[in-house]
Amino acid sequence: MAKASREKNRGKAPLVGILTGSPSDLPIVEKARETLEELGVPCELRVLSAHRTPDLTVEYVRTAEAAGVEVFIACAGLAAHLAGAVAAHTLRPVIGVPLASGPLSGLDSLLSTVQMPPGVPVATVGVDGARNAAFLAARILALGHPEVRKSLENAAREARRRYETS
Ligand code: RP5
């Protein structure tokens, strides 16, 4: 299903920009991309860091927004400032995914991501919640994209069916 959706989305401008702070995050973060692909939502994934590549991060956010990205998902571990940095440079919704990549098992990144000052919100999902970040991004997009709403309805029906037949 993901492969078919990926083919269908080839060449389409991404609606969701996924950023993550390090290549070491990718095993978790790929789940956000997979979920969006399953829902038929065009997206792109970039490794960018609020601390190690701050200028490139800002440049990406500006370029992506101009190219039509409507929602950002920003994932990071440790002192996780990526989602906040993205939210500081766009008015588009930003979803933060705190990652359990350090000795504090994600409590550090959860607090760093969720505790934003008023006016610069980051909608923070649970630790390692990459799949839910994708579903939340899809729910936001569904407000203006009927085809995404349809995909979410289908996914909910499929989830219900799995429970009914188990
Ligand atoms: C964060 O630091 C990254 O998001 C990652 O979770 C963590 C460790 O990064 P690496 O040292 O593995 O590159 O910025």
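We count ligands from 1, going down the list as the structure has it; atoms in each ligand are counted the same way.
A salt bridge links E153 with K150: at least one charged nitrogen is closer than 4.0 Å to a carboxylate oxygen. Remark: R33 engages E30 in a salt bridge, criterion side-chain N to carboxylate O under 4.0 Å. For the pair E158 and R161, the salt-bridge criterion is met [side-chain N within less than 4.0 Å of a carboxylate O].
Using a 4.5 Å heavy-atom threshold, the side chains of I140 and I95 count as touching. The closest side-chain heavy-atom distance from P98 to T124 is below 4.5 Å.
Ligand-side atoms of ligand 1 in range of S24: 9 (O), 10 (P), 12 (O), range being under 4.0 angstrom from any heavy atom. Per-residue contacts place A76 under 4.0 angstrom from the following atoms of ligand 1 (heavy atoms of the residue considered): 4 (O). Remark: ligand 1 atoms within the under-4.0 Å shell around heavy atoms of S22 are 3 (C), 4 (O), 5 (C), 9 (O), 10 (P), 12 (O), 13 (O).
In this structure, of G77, G21, S109, the residue bringing a heavy atom nearest to atom 1 (C) of ligand 1 is G77.
Remark: ligand 1 and S101 share an N or O pair separated by less than 3.5 Å (distance only, no angle test). Geometrically, ligand 1 and D25 share a nitrogen or oxygen pair separated by less than 3.5 Å. The shortest N/O to N/O separation between L78 and ligand 1 does not fall below 3.5 Å.
Remark: distances from the non-hydrogen atoms of R52 to ligand 1 include one below 4.0 Å.
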Derivation of the side-chain contact (heavy atoms from CB on, under 4.5 Å) call for I73 and L19: CA-CA 6 Å; I73 294 175; L19 301 85; over 6 Å; no
